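To start, the structure under review is shown below, and the notes come after it.
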Amino acid sequence: MTFPPGIAHTIPPGLRLGLAMAILAAVWLVVLPSIGRYPAVDRHVRLMESRDVNPSAMVYTELEHLPLRPAWIEHHLVLWPTGN
Amino acid sequence: MAADSGADVHKRGLHEDSAAILIGVALVALALAIGWSGRPAEDAASRKAFPKGWPNRLAATIDKPQTWSDAPKQALVVVDKKDPTKVKPVAIPILLGMAWVVGILAAGTLLRGQSVAAVLPGACLLALLGGLAYLMAAQKVINYYNLEYPLWALLVGLVIGNTIGVGKWLEPALQGEFLIKAGLVVFGAEVLFSRLLELGLPGLLTSWVVTPIVLVVTYLFGVHWMKIPSKSLCMVISADMSVCGVSAAIATGAACKAKKEELSLAIGLSLVFTVAMMVVMPPFIQWAGIDPIVGGAWLGGTIDATGAVVAAGEMLGKNLEDKRPAEVAATVKMIQNSMIGIIAFAVAVYWAGWVDRDAAGPKTSLATEAWRRFPKFILGFIGTSIVCSWLFTASPEFALLVDGAIQGFTSRLRGWLFCVGFVCMGLQTNFRELAPTLASGRPLILYCLGQSLNLALSLAMASLTFGWLFRQGASP
């Protein structure tokens with residue numbers, strides 16, 4: 001986010017903030033919505049929505065469904081070997 | 001993170017760590033008390049009736065912007081998935097979420113014996129900037145490709161800090177470290193030790209053998225072989241890459257007092273690689289013909305962020321028409337999430353006892369010296385984790401009480417505290433300090449080498465445990 005020194009000194013701070021905000025607004029309001037309409041991106045978003053996935057979850061408590069032990073797992077794995 | 005203004009904090013009020021513990025513990029206790037007061041009259045022990053725990057009335061007081069695609073105003077309503085004509089406005093809970101942050105900043109300032117009036121205007125602006133960062137993170141493309149809010153909170157802070165700068169009136173409110181410490185104490189409620197056993201011995205082996213090995217080897221490699229000058233940078237990169245991304249970076253960064261710039265760099269690296277791995281690994285697993293259960297465990301053990309793990313598991317499962325990879329991946333990652341408390345505690349002890357030790361200082365015992373330097377808020381983090389873990393296992397009712405308090409309140413509040421904490425960090429970040437290290441490319445190389453080791457060891461362990469040793473019907 002640093003401008004080359006020559007340019008930075010000639011642009012007033014308020015204008016620099018305005019320019020940065022304009023760039024961010026253009027990216028979020030124009031570029032990203034356009035990217036979202038690309039078929040591959042749209043397919044990914046729809047798949048995630050249809051499966052109730054929240055890919056931005058930082059930890060498990062933010063997921064739509066708590067990842068509790070799946071019912072099938074004990075038919076597939078020996079979770080705690082008994083030695084028998 | 002590096003301690004600041006410690007001296008005047010001690011003069012009149014509580015230390016920052018003590019204030020963070022007091023406020024964090026009080027908030028967790030409040031959530032549990034409100035949850036208990038509203039316990040259901042029927043089916044109180046039924047997980048089927050309450051899959052996300054008992055409803056908690058505090059949930060109405062906090063929320064964050066919802067995902068939006070074209071117009072930001074879409075972030076202010078929740079659309080019913082079954083009936084899109086039904087919408088629930090969330091503007092007020094979002095504003096109340098900001099009010100919680102302002103209140104916590106004011107309470108922390110009061111406990112530390114400083115002027116609340118001086119903090120309030122800046123706290124309000126920071127809460128609004130936190131809301132802006134959340135709004136940016138909620139854009140659909142950003143959200144569904146796992147570019148989490150800390151990145152945008154840092155960006156918002158960086159843009160303002162590097163254009164108009166920080167005014168004198170804002171400085172008293174820039175308490176990013178306090179917010180993150182308080183957030184970590186609240187976060188302790190989500191780190192439940194019983195979750196560690198969710199996948200039995202195969203899950204424990206996959207997480208508890210590979211993760212510590214990768215963490216320690218990557219750290220030692222960065223410090224001793226690559227000669228990266230900052231040990232805390234090596235630790236934060238190692239932890240976010242081997243444990244569970246941003247949340248682990250925050251916890252270990254606070255435990256080893258990493259600089260703001262180091263934490264920002266580690267989080268940036270983690271998020272970029274998370275997106276790449278989320279997209280590349282599922283087709284690779286399918287192409288390589290890896291067993292879907294082993295593939296799911298591999299995804300869970302290697303991709304940094306929890307949400308991205310589930311997304312990758314769903315992508316793999318979609319191609320194979322199988323739900324199991326996503327379920328195994330999510331559960332392995334949840335086990336790693338549950339390790340954060342233990343790892344943060346171990347890092348804090350190691351740092352206080354060995355790394356920060358002043359060889360030229362007065363001769364005191366290792367324990368005394370370690371205790372003096374130990375970041376005390378970690379005790380609050382571990383404390384809430386132990387109490388909530390004990391409650392969770394005490395009875396089915398208590399388990400639903402804890403889940404309801406977490407899902408309805410503490411996890412949302414922790415998100416707001418971290419988000420505004422990262423805005424503060426962005427405002428105060430000076431990347432010029434890291435320029436020599438960045439220019440050498442060594443943090444990137446360290447991340448890549450550590451992640452390569454993680455990928456290899458995790459695949460070997462997942463194949464051993466999920467594919468062979470503990471597989472029903474397979475005889476080792």
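Note that this is a predicted model, so its numbers are computed, not measured. Proteins get letters first, then strands, A, B, ... in listed order; numbering begins at 1 in each.
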Sort [X] into side chain, backbone, both or neither according to what part of it lies under 4.5 angstrom from a heavy atom of chain B.
X	answer
A:L24	side chain
A:W28	both
A:L66	side chain
A:L17	both
A:L47	side chain

If I compare all heavy atoms of [X] with all of [Y], which pair ends up nearest, and what's the gap?
X	Y	result
B:S247	B:F187	CB-CZ, 4.2 Å
B:A248	B:D240	CB-CA, 4.4 Å
B:V243	B:K333	O-NZ, 3.1 Å
B:A137	B:I142	O-CG2, 3.7 Å

[X], part contacting chain A, at a heavy-atom distance under 4.5 Å:
X	value
B:F466	both
B:S69	backbone
B:L201	both
B:L271	neither
B:D304	neither
B:Q407	side chain
B:T465	backbone
B:Q139	side chain
B:R412	neither
B:L197	both
B:N337	side chain

Contacts of type ring pair (Phe, Tyr, Trp, His ring centres under 6.0 Å), residue B:F422, not counting sequence neighbours: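 If we apply the ring pair (Phe, Tyr, Trp, His ring centres under 6.0 Å) test to B:F422, skipping adjacent residues, there are no hits.
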Between [Y] and [X], is there a salt bridge with N-O shorter than 4.0 Å?
X	Y	value
A:D52	B:K323	no
A:E62	B:R414	yes
B:D291	B:R324	no
A:E49	B:K140	yes
A:R69	A:E74	yes

Pick from [options]: which one has the most heavy-atom pairs with chain A under 4.5 Å?
options	result
B:K52, B:Q336, B:M136	B:M136
B:A305, B:P202, B:A138	B:P202
B:Y145, B:W68, B:Y149	B:Y145
B:I293, B:V309, B:V328, B:V246	B:I293

Backbone N/O of B:A462 and side chain of B:T206: donor-acceptor pair under 3.5 Å: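 Checked: no pair found.
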Under 3.5 Å donor-acceptor, A:D42 side chain and A:Y38 backbone: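 Looks like no, no N/O pair under 3.5 Å.
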ring-ring contact (aromatic ring centres under 6.0 Å, His included) between B:Y134 and B:W416, worked out: CA-CA 9 Å; B:Y134 255 145; B:W416 272 104; 4.9 Å; yes
When A:A57, A:P55, A:S56 are compared by non-hydrogen pairs under 4.5 Å with chain B, the top option: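 Highest number of pairs under 4.5 Å: A:P55.
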